[in-house]
Amino acid sequence: MARDTIILECTVARKEGKQPSRYMASRNKKLQSDPVEKMKYNRFMRKHTLHKEIKS
């Protein structure tokens, strides 16, 4: 299967020691080999922050 399920975790909250938000996403392994980075909403910090792919 070409699609892979990944977990995106907030990097800003992790650095500040706060609770990070996590999102589930999918990517095509054949077309996108780099780790995924997206701006997503962190409900604990109440703002949009950078979320990076973590090992699943």
Side-chain angles (χ1 to χ4, degrees):
M1 201 164 140
R3 285 240 164 246
D4 193 17
T5 303
I6 58 171
I7 299 173
L8 301 173
E9 186 178 81
C10 179
T11 57
V12 178
R14 178 66 69 191
K15 288 179 185 175
E16 294 181 6
K18 298 182 180 178
Q19 185 174 4
S21 64
R22 290 186 175 171
Y23 285 94
M24 298 285 293
S26 64
R27 70 172 181 166
N28 190 331
K29 290 189 280 187
K30 292 181 180 179
L31 299 177
Q32 191 174 19
S33 60
D34 298 334
V36 177
E37 295 182 359
K38 291 185 179 183
M39 292 295 287
K40 300 290 264 179
Y41 184 74
N42 185 334
R43 63 186 176 128
F44 304 111
M45 298 180 74
R46 296 185 177 153
K47 60 182 177 179
H48 283 84
T49 56
L50 180 67
H51 286 64
K52 291 186 179 180
E53 177 182 344
I54 61 172
K55 302 238 177 183
S56 54

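These numbers were taken from a predicted model, which means no experiment stands behind them.
- The two atoms that bring Asn42 and Cys10 nearest to each other are ND2-SG, 3.3 Å, heavy atoms only.
- Closest non-hydrogen pair, Asp34 versus Glu53, comes out as O-OE1, 4.4 Å.
- Glu9 and Pro20 get closest at one heavy-atom pair: CG-CB, 3.9 Å.
- The distance from atom NZ of Lys40 to atom CZ of Arg22, rounded to the nearest 0.5 Å, is 15.0 Å.
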Evaluation steps, side chain to side chain contact (heavy atoms under 4.5 Å, CB included), between Ile7 and Met24: CA-CA 5 Å; Ile7 299 173; Met24 298 285 293; 3.8 Å; yes
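- Looking at every heavy atom in both residues, Ser21 comes nearest to His51 through OG-NE2, 2.7 Å.
- Put simply, NZ on Lys30 and CZ on Arg3 are 12.0 Å apart, with the number rounded to the nearest 0.5 Å.
- When side chains are defined from C-beta on, Val36 does not count as touching Lys52, because their heavy atoms never get closer than 4.5 Å.
- Residues Tyr41 and Arg46 have side chains in contact (heavy-atom distance under 4.5 Å, counting atoms from C-beta outward).
- Across all their heavy atoms, Arg27 and Gln32 have their closest contact at NH1-O, 3.4 Å.
- Between the OG1 atom in Thr49 and the CE atom in Met39 there is a gap of 6.5 Å [rounded to 0.5 Å].
- Residues Ser26 and Ile6 approach most closely at N-CG1, 4.3 Å, considering heavy atoms.
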